[in-house]
4 protein chains.
Amino acid sequence: GRTLDLGGIFPPLATPFSPMQEVDYGRLEGNVHRYGSIPFRGLVVLGSNGEYPYLAPQERLEVVSCVRRALPRDRLLLAGSGCESTQATIQMTLSMAEAGADVALVVTPCYYRGAMTSAALVQHYTEVADASPIPVVLYSVPANTGMDLPLEAVVTLAQHPNILGIKDSGGDITRIGLMIHKTQQEDFQVLAGSAGFLLASYALGASGGICALANVLGAPLCQLHRLCHEGHWQEARELQHRLIEPNTAVTRRFGIPGLKKVMEWFGYYGGPCRTPLAPLSPPQVEELRGAFSSNGWL
Amino acid sequence: GRTLDLGGIFPPLATPFSPMQEVDYGRLEGNVHRYGSIPFRGLVVLGSNGEYPYLAPQERLEVVSCVRRALPRDRLLLAGSGCESTQATIQMTLSMAEAGADVALVVTPCYYRGAMTSAALVQHYTEVADASPIPVVLYSVPANTGMDLPLEAVVTLAQHPNILGIKDSGGDITRIGLMIHKTQQEDFQVLAGSAGFLLASYALGASGGICALANVLGAPLCQLHRLCHEGHWQEARELQHRLIEPNTAVTRRFGIPGLKKVMEWFGYYGGPCRTPLAPLSPPQVEELRGAFSSNGWL
Amino acid sequence: GRTLDLGGIFPPLATPFSPMQEVDYGRLEGNVHRYGSIPFRGLVVLGSNGEYPYLAPQERLEVVSCVRRALPRDRLLLAGSGCESTQATIQMTLSMAEAGADVALVVTPCYYRGAMTSAALVQHYTEVADASPIPVVLYSVPANTGMDLPLEAVVTLAQHPNILGIKDSGGDITRIGLMIHKTQQEDFQVLAGSAGFLLASYALGASGGICALANVLGAPLCQLHRLCHEGHWQEARELQHRLIEPNTAVTRRFGIPGLKKVMEWFGYYGGPCRTPLAPLSPPQVEELRGAFSSNGWL
Amino acid sequence: GRTLDLGGIFPPLATPFSPMQEVDYGRLEGNVHRYGSIPFRGLVVLGSNGEYPYLAPQERLEVVSCVRRALPRDRLLLAGSGCESTQATIQMTLSMAEAGADVALVVTPCYYRGAMTSAALVQHYTEVADASPIPVVLYSVPANTGMDLPLEAVVTLAQHPNILGIKDSGGDITRIGLMIHKTQQEDFQVLAGSAGFLLASYALGASGGICALANVLGAPLCQLHRLCHEGHWQEARELQHRLIEPNTAVTRRFGIPGLKKVMEWFGYYGGPCRTPLAPLSPPQVEELRGAFSSNGWL
């Protein structure tokens, strides 16, 4: 049954690399331990923030295993298992389940976006969800994929017993509201894919959020979840306002190189990205810092 | 001073045309009278829904005069006075003030959108607001203009003593939240430009809404305003959910021809649009009806 | 019959303004006289480069009259008569014909671009062409209007006896080629709307060009026309190569303020634009100059 | 030195799959043999048409080996070696060179397109070209990647001794002309990435084309190359006109499933695509057929 509760905040972990751009599993474990003190519902590995397109299949599996070992059992582990082809996605999902993932987060295939019709995507996700031993969460992230998972596809897929919900990173709150409205018979859980529209998503009925910003401001985001959950909308609003600029800075504006830089300021390991993602220039670092300091976070 | 309170709902009136596509001032007056029983904060004439680009300057002024005469003094009259050039916008704003408008709603000039930099737009609005005897509300409607009024321009313009607020029809709730946050020292009022993201906008701190849908579902939208204002977010959410599909149907999906068709179902005069806006086909009318009936409004 | 030959180059004239932003008809006449020495097929007034959205209807007509008086009878006068509504477009077309225009250039209405279906546009242009005493040329300029005139609409409209051709400023050469191919039974004339893709358009079978750059480099553009016409493709290519950067500089990059600045360098009257179009900054002027000097034009 | 001549037509091979979606190397070899009678300059494997994102690394290498064995030595073998990370791209390029590729075709990494600045891309390609034992051809395909390789990056990279040229599939002929103009000191070869703008590209100075349509209309495309090369522009134009609709049908309109269907009509093995690419519906097949038959190819 669809009983797994996704309500809460999940950081989509950055993947730590050594100076030679090798995955640094020790640093990864260290970050996971540090996140242990924050009341997250769980962690996400190998989402867009995890640089998953830059990891070999074997590396993706080892990241899952590593985090599973470091994570207390009461925390959920969502793992990004999406690949471009259906068969590769199924294979990766099976392997990640074996490696300890609780839920598979499956991004829309996108290279042939002109051919990714609603019907093609429904077929893709249905085959993956049918084959998967663990529940599936849909993942729509148009900033990276250049396409949205169409609403009608979401509504159809919400009826699948092994599809739990969606991470929607597009931020179109009208779409999010309608998605919740059209799936309310299905116990389908909608997760905001970014902290910029988190409060608005809660106001429309979302269950939680998978937010890059939670890598660095996890506690305030969990507080925002709680405030919305308990109906303290005025306080929630004030908190949300202060989170928008920091969020934009570590997503649209400066991306993962920005996020990893801020992680170092907050006591986590950040380190380099794999190329072609490039480190920030000093003026960019200054602007990044200003987005946090001017809102009282640094 | 900036003391005029825009808090509440405004319908952006459709402009009634006779079968020969002449402005039908009698029908317009009739509609205004019918809206008298709904607790709107005021009315908007000659927004995008008013087919303003299809009206001659003299017609635009007569619409303002006509509605001013029909409207009780305690209701605000906002009039769309934007033109492509700064000098034409100033002239139109002066004339509309004389014709009885309380506030000028000024859309971004857009034909040369590649040249409409933040600096050019700040200059444009500053000259208009300096010259205008009535307060100015900015108006950003990317679906029609193909451009956003940049956030940095909004923040700068919010400091102008004769600029009251903005109607934002883009629906990017992250932008709306940040706009409210960055202008909170300025007593700047943000109005949601569409019913699709009205609750979300209130949740972030908006003052009200100018919503096409208010031409036909004015009472429920005023109720949504009240529920949000009084903190009944759960009830508000249920109401908001039922408004999204009808709203999309009379805006993005079927536009003004759709809106005018629905007006007839709700007892208002709708009538034809000026060409090249074309009437709906019978299957489109069926789909339109479904958007209202499936949500309990018909 | 469709016997009017549009083969050749037309400059879409800039509209000169005085320092107070009034139309300067004397300067306009002066520029027309200077263009008399260049073998243009004719002139265009009140295209996008003519700042037509910034002119009042009466000003538009006076510009037509003024240029007609200054222009030898053997040169064609095309006048931009497009408005947003069908009825206003018809009225403007009739008046411009009376004022001496030989051909009406009719831009796609665009404010309600979501509703401008192929059927709506075919209806619009058919009504205009039916009513017009002078031939009509379609005008598609997506950089300004945010939309293309759909190919299927062009193919349908090409059959209208009073529609001569199209000015296509989009620059999609695949579309231009197909347009020529699908209308070759119709004696339909395709004009390149920009000098950037002029040679390519000739290679596919275009008749000529209406090019902003012809306001300043009219002679080389007429030479390019001749070279292509006579089959000197290698020389044509070398010339075309040197025209791309100057063309981009006075269109996409710096727009009409850039074009007017360059006009002064080449002995024409440029002068200010109407606001909100803003003058270039000194570094922009330097970059503009470089686009011409590095290609041997200054 | 940069002496390898890319002048001519290359089909970007489709990758044949069995009904169970396994790579069918026998069918691949069969197709290669059939292409032997057409005067192609060479073949491309694992471009976008080769469904490369759906193949495992090992499969990609085996496709290269298989085609190398089947291909006469005087035909060039270009192999798509692009991956998202720089290190994976280098590794794949080295392996493909070992497997027999003559040239590496390297698509822009694109998942983090917001971070793929000109500087980041120059760095990426420079590292790849430095490390590669075979020459590199840049590959920009915005329909799939959602981004263009910026012109300034192309101009910089054209100076690298191991970068031969670019396959440009965007079809912006102004950009293509400028690219050729700005790199003419560098002996940099520009290949049109689609048959829709092939003649136009030759007219501007391109060296050849890598065109999906060459999988089915290889002989006419080689004839078009020859006609342009020998200056028979009028005949070339007539041929080009008849190729646009078929080309659109097997690219933008129906993609690889369309291309594979047409391959069967022309005597090649087409077969299924890997999912989520879906087969055409019968009405789509009819439309596809019409694009070829109405232009005299069936």
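In what follows, chains are A, B, ... by sequence order, proteins preceding strands, each numbered from 1. Only heavy atoms go into these numbers, but all of them, side chains included; no hydrogens, no water, no symmetry mates.
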Report summary line: Comparing Ile173(D), Asn247(D), Asp172(D) against chain C, the one with the most heavy-atom pairs below 4.5 Å turns out to be Ile173(D)

Requested in this report: Check for a donor-acceptor pair, side chain of Arg237(D) on one end and backbone N or O of Gly177(C) on the other, with a separation under 3.5 Å.
Outcome: no

Query raised in the report: What part of Leu199(D) is in contact with chain C, defined as an atom under 4.5 angstrom from a non-hydrogen atom: side chain, backbone, both or neither?
Result: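 Side chain only.
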
Within this structure, what is the [atom1]-[atom2] distance for the pair [X] and [Y], rounded to the nearest 0.5 Å?
X         : Y         : atom1 : atom2 : answer
His181(D) : Glu238(C) : NE2   : CD    : 10.5 Å
Phe197(C) : Leu204(D) : CZ    : CG    : 12.0 Å
Leu243(D) : Leu178(C) : CG    : CG    : 11.5 Å

Query raised in the report: Is any side-chain heavy atom of His241(C) less than 4.5 Å from a side-chain heavy atom of Lys182(D)?
Result: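 Side-chain contact under 4.5 Å: no.
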
Query raised in the report: Within a reach of under 6.0 Å around CD of Gln234(D), are more than 12 heavy atoms found that belong to other residues, nucleotides or ligands?
Result: yes

Query raised in the report: Above 12 or not: heavy atoms from other molecules or residues under 6.0 Å from CZ of Arg252(C)?
Result: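 It does not: Arg252(C) CZ has 12 such atoms or fewer within range.
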
Query raised in the report: Relative to chain D, which of Ser194(C), Gly171(C), Gly205(C) shows the most heavy atom pairs under 4.5 Å?
Result: Gly205(C)

Query - Thr174(C): which of Ile244(D), Leu198(D), Thr251(D) passes side chain to side chain contact (heavy atoms under 4.5 Å, CB included) - result: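 It is Ile244(D); the other options fail the test.
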
